[in-house]
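Here's the structure we're looking at; comments come further down.
Note that this is a predicted model, so its numbers are computed, not measured. Residue numbering restarts at 1 for every chain, and letters A, B, ... go by the order of the sequence lines.
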Amino acid sequence: MATYQEFFLQNEERDGVRFTWNMWPSSRLETTRLVVPLGCLFTPLKERLDLPAINYEPVLCTRDSCRAILNPFCSVDYRAKIWICNFCLQRNNFPPQYAGISEQLTPAELSPQFTTIEYTLIRVPISPAIFLFVVDTCMDEDDLTALKESLQMALSLLPTDALVGLITFGRMVHVHELNCENMARSYVFRGTKDLTTKQVQDMLGLAKHQPSARSVPTNPNVPPQSNAFYSKFIQPVSVCDMSLTDLLGELRPDPWPVLQAKRSLRSTGAALSVATGLLEALYPNTGARLMLFIAGPCTQGPGMIIDEELKHTIRSHHDIEIDNAKYMKKAIRFYENIASRASINGHVIDLYSAALDQTGLHEMKYCTNYTGGHMVMSDSFNTSLFKQTFQKVFAKDNKNDYRMNFGATLEVKCSREVKVCGAIGSCVSLAQRASNVSETELGIGGTNAWKISGIYPNSTLSLFFEIINQQQEATQSVPTDQRGYVQFITHYQHLSGYKKLRVTTISRNLLDATTHLPAIAASFDQECASVSMARIAVFRADTEEGSDVLRWLDKMLIRLCQKFAVYEKDNPGSFQLTDTFTLYPQFMYHLRRSQLLQVFNNSPDESAFYRHYLLGEDLTQCLVMIQPILYAYSFNGPPEPVLLDSSSILPDRILLMDTFYHILIYHGETIAQWIKAGYQDLPEYENFKQLLQAPVGDASEILQNRFPMPRYVVTEAGGSQARFLLYKVNPSQTHTNCVWGQAVGAPILTDDVNLQTFMEHLKKLAVSTST
Amino acid sequence: MTSTNKSTNLDGWNDPPANLTLSDNISTKRVLLNKRVPFTNQDLSATNNPANVLVVPPPSTTASVAAATATTDNTTSTTTELLTIEAMNEIFQTQIEKLEKSSNIEKKILEDISKKFQVMQDEWQQNKLSSNTKQTLSNIFQELGSNNVQEAFDLHVLLVRNSSSEVVRFIVGIKRLIQELQRLPK
């Protein structure tokens with residue numbers, strides 16, 4: 001390949017991996033001196049349409065402490081039928097079924113194009129997935145009707161062999177019996193009590209369910225006939241869909257009266273407790289999805305976010321800073337506990353929040369972040385944003401398989417030069433200590449295996465590594481052909497009825513950093529580094545002060561520039577960055593100002609929502625969150641990307657901005673005047689109509705494929721919604737530095753530092769001998 | 001301010017357009033707009049000469065604009081003719097009889113399915129369904145009449161995704177009918 005950029009993209013296409021550094025230093029000290037940690041963004045279930053169907057078990061290394069899987073980097077002796085593990089150098093015999101292999105007839109797992117390969121484990125039986133709807137009823141009639149319709153629609157979109165259950169809550173928690181004759185029955189729990197799994201099991205009369213091995217359905221739409229015992233609370237959707245549809249149709253808003261100047265009494269915590277206990281008792285270690293729909297904050301019982309008095313407002317960032325959030329710590333402890341219980345069992349918790357005020361996502365985020373669930377924040381259930389997002393939960397991919405998968409475990413194997421420091425993403429630690437676990441922790445560390453209960457084709461984890469010193473390092477130079485290997489092994493439950501195993505093996509060269517620094521510098525992937533640093537910053541922001549995180553980020557940027565830029569000491573004018581580093585300060589600048597780290601003008605719930613997606617999306621989407629994309633449409637030429645700068649806002653242009661959370665179409669002043677004059681309706685100005693339609697078409701493409709549905713804003717020069725655009729662009733023209741009358745673009749009324757000033761400061765600090 | 005793609009009454013603040021047809025499949029492969037312009041230190045003020053600002057848009061013959069990627073069309077309407085409600089009723093009765101003859105299914109389920117079909121009939125006759133919905137329902141029953149049960153199922157999923165609020169009161173009955181027919185031994 002000609003350039004590193006092509007190398008990055010090819011690797012991402014093939015293996016779903018991007019590394020911050022693609023040539024690795026051979027010593028620990030040199031790795032830390034690189035400033036940006038050695039890490040990767042890994043998409044375990046990267047969409048690959050060309051993988052061969054492998055229906056046999058993988059071949060493992062026979063050394064007990066290794067157990068790596070046969071991969072294309074292993075040396076193979078075809079005559080003696082022996083392979084040498086590239087991780088531990090153990091010689092292994094091939095199993096008897098490999099007797100026929102030769103140089104001409106290699107199995108797929110040894111072929112160099114299949115460094116990523118997927119095994120389907122057909123001998124492992126798995127039970128169907130369970131979908132438990134936990135529905136808040138404290139909302140007005142219209143909202144509840146819309147939500148009921150969405151749930152009834154979901155029943156048609158579920159996998160045909162799925163199991164379903166329904167719990168509703170308001171002041172009390174109701175666990176509904178399904179498919180009962182003559183009358184609807186439910187078990188009622190007080191909303192003020194927290195319950196253990198054992199208590200739930202006893203009160204509901206649940207017997208421990210043995211998941212039975214089911215036969216593989218030949219027709220994916222026909223549910224299998226089965227005589228297995230199902231509890232009265234969780235039943236196959238094929239059996240109870242009609243009665244459940246009727247039951248949902250009859251739901252009414254919570255009957256308990258809401259007093260003047262008070263909130264509804266909502267027992268979200270108790271409902272979650274009962275639901276988690278129900279799933280734990282009946283279906284431990286099976287893929288299950290607990291979908292929680294809330295229309296307001298929890299106001300009583302465990303996990304209380306705020307009390308019922310409206311005059312007490314829900315905590316803001318300022319309240320959290322000055323320690324004025326009365327219920328927060330206790331609520332966080334409660335929801336973290338629920339999240340841990342669910343993730344250990346491979347149960348996913350989704351949060352669908354629809355309210356104009358905060359609902360407590362800041363405390364409840366552990367439920368989605370630990371289990372890989374969705375977090376959807378909308379204004380009401382009666383909006384297309386919620387309805388379309390909810391439909392997409394059940395979307396399928398190009399092979400007509402559901403995009404959601406359950407119960408994934410990711411294990412990392414490394415060659416002896418490499419150790420694992422930790423992971424950042426929607427996962428929990430499996431606390432698996434092994435020889436390749438480093439003492440230094442970065443992210444969720446102390447383990448080489450993590451559990452991701454809810455995993456999708458675009459789920460991406462950040463994994464961080466450390467190089468350890470090899471014995472000969474002090475006296476001899478490291479041989480230039482030394483390579484480090486990392487293998488990612490992902491087990492997961494596929495909704496087709498099988499357990500699958502994805503194996504990705506990668507290798508990179510190890511170089512002596514003291515003599516080969518330019519080669520290592522040239523292998524820097526600035527996009528991956530930006531996203532990795534963003535994730536570390538967001539991870540730290542959970543436990544540290546916001547200003548400390550920003551200070552750390554700035555310090556890292558200055559140190560990176562000091563190490564890799566070309567300059568003369570104390571001469572800022574001489575500062576130059578090579579091509580591999582030029583975009584990085586720009587990304588850092590936008591990251592500092594983004595809603596991920598700037599909490600001003602955002603509620604804690606909004607910050608939790610934005611950060612949740614940074615921790616789960618793949619590289620391209622994360623970059624969009626850090627630095628939004630801006631495209632311009634005009635009569636002067638085809639649509640083109642433009643600088644995210646105030647100078648790009650011109651009167652005769654339409655701008656399309658994608659921040660991941662928002663899609664914004666901005667009509668320049670002249671365009672807006674033409675619209676008002678109605679030129680688009682005149683037949684001789686057909687091209688103007690097409691120009692107006694162009695960004696809408698592109699926006700629709702984005703809307704089709706994005707989860708969750710972003711907010712869609714159409715605005716114009718001087719419009720109030722234009723603030724979304726003005727807030728994001730680099731304010732090179734402000735009210736202080738523009739000369740009125742000669743302004744190009746729209747001056748932004750802000751005191752924020754712009755990118756030019758930021759770069760000046762950066763150069764000054766980088767070249768200074770005293771920093 | 002007129003906006004070209006704002007939808008109707010149900011939208012909340014800054015909602016995506018409600019008339020967006022969501023396909024069953026999401027692909028993360030193609031990312032259309034993902035280019036960025038690197039920041040250079042040059043002076044940005046000379047990019048556009050204000051004296052060149054147009055007073056009216058250039059008329060169609062002179063200017064050419066890059067064609068937009070079209071919005072996805074609603075593909076549920078096919079060119080097959082629309083069945084009358086009586087014809088659909090006949091097909092439905094045939095299918096129910098088929099299910100009654102096989103002894104596997106409970107009477108109660110068949111009654112429920114019939115009740116839901118009745119709801120659909122009433123809504124059809126009271127003109128509560130849009131033409132697209134009617135066309136798709138007609139296609140579903142045509143497929144059932146010709147014993148193409150799988151196609152009927154796929155069509156029903158499309159209907160659920162695109163017109164859920166219209167069909168929610170009876171679609172579960174039709175779904176159950178199709179699934180029971182699929183379960184019948186050939």
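Proximity to chain A involves both the backbone and the side chain of I109(B), based on heavy atoms less than 4.5 angstrom apart. Only the side chain of F587(A) comes within contact range of chain B, with heavy atoms under 4.5 Å apart. Of the atoms belonging to F390(A), not a single heavy atom falls under 4.5 Å from chain B. At a 4.5 Å heavy-atom cutoff, the contact between Y679(A) and chain B is made by side-chain atoms alone. Residue P585(A) does not touch chain B at all, counting heavy-atom pairs closer than 4.5 Å.
F758(A) is linked by a ring-ring contact (aromatic ring centres under 6.0 Å, His included) to Y589(A), counting only residues two or more places apart in sequence or in another chain. With sequence neighbours excluded, no residue satisfies ring-ring contact (aromatic ring centres under 6.0 Å, His included) with H590(A). Residues passing the ring-ring contact (aromatic ring centres under 6.0 Å, His included) test with F381(A) are F386(A), sequence neighbours excluded.
The nearest pair of heavy atoms linking Y712(A) to D15(B) is CB-O, 3.6 Å. Shown here for Q721(A) and W13(B), the closest heavy-atom pair between the two residues is NE2-NE1, 3.0 Å. For S156(A) against H156(B), the heavy-atom pair with the smallest separation is OG-NE2, 3.8 Å. Of all non-hydrogen atoms in S384(A) and P17(B), the two that sit nearest each other are OG-C, 4.5 Å. Smallest separation of non-hydrogen atoms from K175(B) and L155(A): NZ-O, 3.3 Å.
For R176(B) (side chain) and S238(A) (main-chain N/O), a donor-acceptor pair under 3.5 Å exists by modelled atom type.
Under a cut-off of 6.0 angstrom, the local environment of CG in D122(B) is crowded, with over 12 non-hydrogen atoms contributed by other residues, nucleotides or ligands. In this structure, E123(B) places its CD atom where more than 12 heavy-atom neighbours from other residues, nucleotides or ligands lie under 6.0 Å away. Counting non-hydrogen atoms of neighbouring residues, nucleotides and ligands closer than 6.0 angstrom, the NZ atom of K98(B) exceeds 12 such neighbours.
Between atom NZ of residue K387(A) and atom CZ of residue R161(B) there is a gap of 16.0 Å, rounded to the nearest 0.5 Å.
Of the residues I663(A), L703(A), T383(A), T389(A), the one that meets the side-chain contact (heavy atoms from CB on, under 4.5 Å) test with P16(B) is L703(A).
Between M153(A) and I171(B), the closest side-chain pair of non-hydrogen atoms is not below 4.5 Å. Looking at heavy atoms from C-beta onward, V160(B) lies out of side-chain contact with Q152(A) at the 4.5 angstrom threshold. You'll find the side chain of D241(A) reaches within 4.5 Å of the side chain of Q179(B), heavy atoms only.
Between chain B and the residues V642(A), D658(A), L755(A), the most heavy-atom pairs under 4.5 angstrom are made by L755(A). The choice from L623(A), T582(A), L664(A), D379(A) that makes the most heavy-atom pairs within less than 4.5 Å of chain B is L623(A). In terms of heavy-atom pairs under 4.5 Å with chain B, the best-connected choice from K689(A), E686(A), M242(A), Q673(A) is M242(A).
A salt bridge between K116(B) and D246(A) is present, with a side-chain N of the basic residue lying under 4.0 Å from a carboxylate O of the acidic one.
For a heavy-atom cut-off of 4.5 Å, chain A lies close to no residue in residues 86-95 of chain B.
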